[in-house]
Amino acid sequence: MAEYNRVSECVGLITLRNPPVNALSAAVRQGIVDTVQRALSDPNVKSVVICGQNGIFCGGADIKEFGSNMTGPPLIPMIHAIESANKPVVAAIEGSALGGGLELALGCHYRIAHSKARLGLPEVSLGLLPAAGGSQRLPRLIGVPAALNLITTGRHVTAAEALQLGIVDQVTDHNTVDAAVKFALSVAGRSLDPRRISTHPCPQQPDLDALFEEVMQKVRQSARGAIAPIACVQAVRAAATLPYAQGMERERELMATLFTSGQARALQYCFFAERAVGRWRMPSGARWDTSKPRPVHKAAVIGLGTMGRGITVALAQTGLSVIAVETQEKQLMEAKQAISGMLERGAKRRGVAPALDGVIYSQNIQAVADVDLVIEAVFEDIALKTKVFQQLSAVCKPGTLLCTNTSALDVDQLASETPNPELVVGMHFFAPAHVMKLLEVVYGPRSSPQAVATAMQLGKKMGKASVAVGNCRGFVGNRMLKPYIEEAFFLLEEGATPELVDQALEEFGFPMGVFRMSDLSGLDVGWRVRKGDGLVEPGTASGRSARIRQGRRYSPLGDLLCEEGRFGQKTGRGWYQYDKPGSRVARSDPWLHSFLGAYRAQHGLVARRIDHQEVLERCLYALINEGFHILDDGIAAGPEDIDVIYVSGYGWPRHRGGPMFYANMVGLAKVLERLEHYQQLHPEVPHLQPSSLLRRLVASGSPPIHKWGEAIKKLHSQL
Ligand SMILES: CC(C)(COP(=O)(O)OP(=O)(O)OC[C@H]1O[C@@H](n2cnc3c(N)ncnc32)[C@H](O)[C@@H]1OP(=O)(O)O)[C@@H](O)C(=O)NCCC(=O)NCCSC(=O)C[C@@H](O)CCCCCCCCCCCCC(=O)O
């Protein structure tokens, strides 16, 4: 797990071997301890180089070990032994040096990095802090402000930035190990005292207290309840104010709290879930590893409204050549200007040239004849989309993949209107499409595995968390959102205010509560959908509107607001009021409160006191319950798919792991009991009726989330 060789006669070369990322498993740590010992005791060895195999230095501690009893030599004394060595130790950094990997490098006396390497202390994103001395050494090396930035955000820096910050001593474009060996030879025999980072104080920093206060305030605001960023600030503060040994003690204490917290478990679950969704599988048995994607060199986007523009940018930024089609000249010109602006701003942020030439604009659908893949993003209207798909089928070369960016329409129906339904998949982007991380790839019963594989690969190329899901109303994300929103409406009827509901959800960790979110996305969006479903009664603003529709409880509150022209931020009024249309700062609206009072009086509803716990249980458990239905229906292959969708696209707080992980943490029996409780109180609300899968899981002993897959299979086979 760590190989030892003597090179250039007097350099001991230690190579970490633990594919794929040379994580510091027990065996690797043991290997490092043994080989360092060997190099230091070999009189022929003048200096030592540590590198990683396969072009990656080290991805840090082995996260998989965190869930088990950790054995093997601990990291801290291992790194301390390297720093205390009486021969120079040089880290040769290729690929990544992250977390414990960078901490290992910081224990070395010198660091040489390849120009393409990336370095960072991303522990915060796993609910931890750099607890192998990283929180104490990095501020001593690069100063408190820069270390705070890196440690609290977990961001990775390029080799060039690492050099500028002083994290590495040299950057090379050539063979890193060769450069490090050469460097190691050149420093052999030099005094190592100045190179032992732990022995130095942090560089002087004026107004330390003010700096920490400011950073802590900022971090608390953006953490939305996550505890690791706060512990990271506290650990760096210890580095800045305490001697090294005491700082290390503080680092250990803080880590002990984080390590055993539910947040760390949730965040580490998210890390693996995001990777697991790439290993998609369909009910037909088709899977990621047996389905080869088609090459996509040229793509097209049809319809350049908000979504189409974002999708064009996302595609062009991957380096693809894109044909952007909009039939109306004026809209085409406006879209061209907007897309160019977005490409320019994006390129400026990333320090690259904008891919302006990658996009060709056309009013003519014939222009897409030779593309490999088309994403249709016209207005959400099944007749219009069907027409576009029929045109595309006639125009495109054989084998072109036809993707629809719909958030709700039936992908199967659309596919069935084309001569090659196997080439059709849904690609459900989230607005703004070039920014939002989530992509639902929706397959129907006739979508070919190759079509799914191609869409999934394209999603990955665009940097999206791409999740393959089956076709149903609302797919996964929006289907689960429906009971969540409905419960929020019911809570208003029963006595809550938008402020109370939003506060409960925001304290839970959502960036925005359901009503603020509704104001942002526009109340008319849901209104249109409900109208389409025949749920909206016209002209009810003045009279009593039915609260039971289509045989179930219905709240017309959203419709009544729309009838008043209150569409949210865009009209300056919605569940809140705004200074002017388009403004983003929500203020309580006395009109809304008296409107709610009058509504309740009209319907004979007596407002009661509703607390945060009820808001959370009713909104979140209703959403989770729908998640169980989705699993039972086979629409999502596993709980990870649902959780990645919610964390990447719906603002579910990452430190709570996603709705299904949260249910697992709360306890399935408790979720079931609360759903049963609310269902008894509200028998006319079907979405509070516990899903049969949830009942069956509880009856089978509530297996932990990583065993749900097995349990679901077993439970299905017993049906
Ligand atoms: C490295 C990457 C950038 C590579 O990206 P790439 O896209 O190429 O590949 P993938 O991301 O797809 O990964 C491939 C494959 O590898 C798995 N993997 C990646 N990293 C790790 C890892 N660190 N450990 C295990 N496995 C890993 C990944 O899951 C994929 O496999 P899969 O099967 O899932 O497809 C990228 O992978 C990346 O960013 N990796 C994570 C980097 C990272 O976050 N590193 C930090 C790790 S945490 C750490 O290092 C902590 C340190 O500070 C050490 C702390 C000391 C701990 C001591 C414990 C003290 C306990 C205290 C308790 C006290 C209690 C008491 O006192 O009582």
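Quantities reported herein were computed from a predicted structural model and do not represent experimental measurements. For reference, positions follow the sequence shown, starting with 1. When a ligand or atom number is given, it counts from 1 through the structure's own listing order.
Taking a 6.0 Å sphere around CZ of Arg350, one finds it holds more than 12 heavy atoms contributed by other residues, nucleotides or ligands. Within a 6.0 Å sphere centred on NE2 of His80, heavy atoms belonging to other residues, nucleotides or ligands number 12 at most.
For the 3.5 Å distance criterion, the side chains of Ser198 and Glu83 qualify, holding a donor opposite an acceptor.
Scanning the protein for heavy atoms near atom 39 (O) of ligand 1, the closest one is Leu98 CD1, 3.7 Å. In terms of protein heavy-atom proximity, atom 31 (O) of ligand 1 is nearest to Lys64 NZ, 4.3 Å. Counting only heavy atoms of the protein, atom 65 (C) of ligand 1 lies nearest to Ala256 CB, 4.1 Å. The shortest contact between atom 45 (N) of ligand 1 and any protein heavy atom is with Gly59 O, 2.9 Å. Scanning the protein for heavy atoms near atom 19 (C) of ligand 1, the closest one is Val21 CG2, 3.6 Å. The protein heavy atom nearest to atom 11 (O) of ligand 1 is Arg275 NE, 2.7 Å.
Per-atom contact check: atom 6 (P) of ligand 1 does not touch the protein, criterion being a heavy-atom distance below 4.0 Å. When distances from atom 17 (C) of ligand 1 to the protein are checked, no heavy atom turns up under 4.0 Å. Distances from atom 9 (O) of ligand 1 to the protein include no heavy-atom value under 4.0 Å. Distance remark: protein heavy atom not present below 4.0 angstrom from atom 68 (O) of ligand 1. Checking atom 28 (C) of ligand 1 against the protein gives a heavy-atom contact under 4.0 Å. Note that atom 48 (S) of ligand 1 has protein non-hydrogen atoms nearby, at separations under 4.0 angstrom.
Nearest-heavy-atom check against atom 37 (O) of ligand 1 across Phe271, Phe66, Phe57, Phe259 picks out Phe271. Between Ala61, Ala23, Gly127, Ala273, it is Ala61 that holds the heavy atom closest to atom 23 (N) of ligand 1. Selection from Arg279, Glu251, Glu65, Glu123 by nearest heavy atom to atom 51 (C) of ligand 1 gives Glu123. Looking at Leu126, Leu104, Thr260, Leu254 and measuring to atom 44 (O) of ligand 1, the nearest heavy atom belongs to Leu126. Looking at Glu274, Lys460, Met255, it is Met255 that brings a heavy atom closest to atom 60 (C) of ligand 1. When the heavy atoms of Pro20, Ala276, Gly99 are ranked by distance to atom 46 (C) of ligand 1, first place goes to Gly99. The option with the heavy atom closest to atom 25 (C) of ligand 1, from among Asn22, Ile79, Asp62, is Asp62.
For ligand 1, the atoms closer than 4.0 angstrom to any heavy atom of Leu75 are 54 (C). Atoms of ligand 1 lying under 4.0 Å from at least one heavy atom of Pro130, given by number and element, are 53 (O). The Gly60 neighbourhood of ligand 1 comprises atoms 50 (O), with distances under 4.0 Å to a heavy atom of that residue.
In this structure, Tyr269 has its ring center at least 6.0 angstrom away from the ring center of Tyr662. Ring to ring, Tyr650 and Phe510 are not that close: their centroids are 6.0 angstrom or more apart. For Phe508 and Trp652, the ring centers sit closer than 6.0 Å to each other. The aromatic ring centroids of Trp708 and Phe628 lie less than 6.0 Å from each other.
For the pair Met70 and ligand 1, the shortest N or O to N or O distance does not fall below 3.5 Å. For ligand 1, the polar-atom distance check against Glu103 finds a nitrogen or oxygen pair separated by under 3.5 Å. The shortest N/O to N/O separation between Ile63 and ligand 1 falls below 3.5 Å. Ligand 1 has a nitrogen or oxygen under 3.5 angstrom from a nitrogen or oxygen of Gly100. Between Phe272 and ligand 1, no pair of N/O atoms sits closer than 3.5 Å.
In summary, Glu274 and Arg654 engage in a salt bridge, as defined by a charged side-chain N under 4.0 Å from a carboxylate O. Contact check on Asp289 versus Arg287 returns a salt bridge, with a Lys/Arg side-chain nitrogen under 4.0 Å from an Asp/Glu carboxylate oxygen. Using a 4.0 Å cut-off between charged side-chain N and carboxylate O, Arg118 and Glu94 make no salt bridge. Taking 4.0 Å as the cut-off between side-chain N and carboxylate O, Lys707 and Glu710 do not count as a salt-bridged pair. Ion pairing between Asp643 and Arg656 fails under the 4.0 Å rule for side-chain N and carboxylate O. Comment: Arg155 engages Glu161 in a salt bridge, judged by a side-chain N to carboxylate O separation of less than 4.0 angstrom.
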Task: Working for side chain to side chain donor-acceptor pair (under 3.5 Å), residues Arg137 and Tyr244 - done: CA-CA 9 Å; Arg137 284 196 178 87; Tyr244 177 73; 3.2 Å; yes
- [ ] Show your working on side chain to side chain donor-acceptor pair (under 3.5 Å) between Gln53 and Thr15 and close with a plain yes or no.
- [x] CA-CA 6 Å; Gln53 74 164 0; Thr15 308; over 6 Å; no
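Of the listed residues (Gln457, Lys460, Met456, Gln450), just one forms a side-chain contact (heavy atoms from CB on, under 4.5 Å) with Pro293, and that residue is Gln457.
The closest approach between a heavy atom of Arg252 and any atom of ligand 1 is below 4.0 Å.
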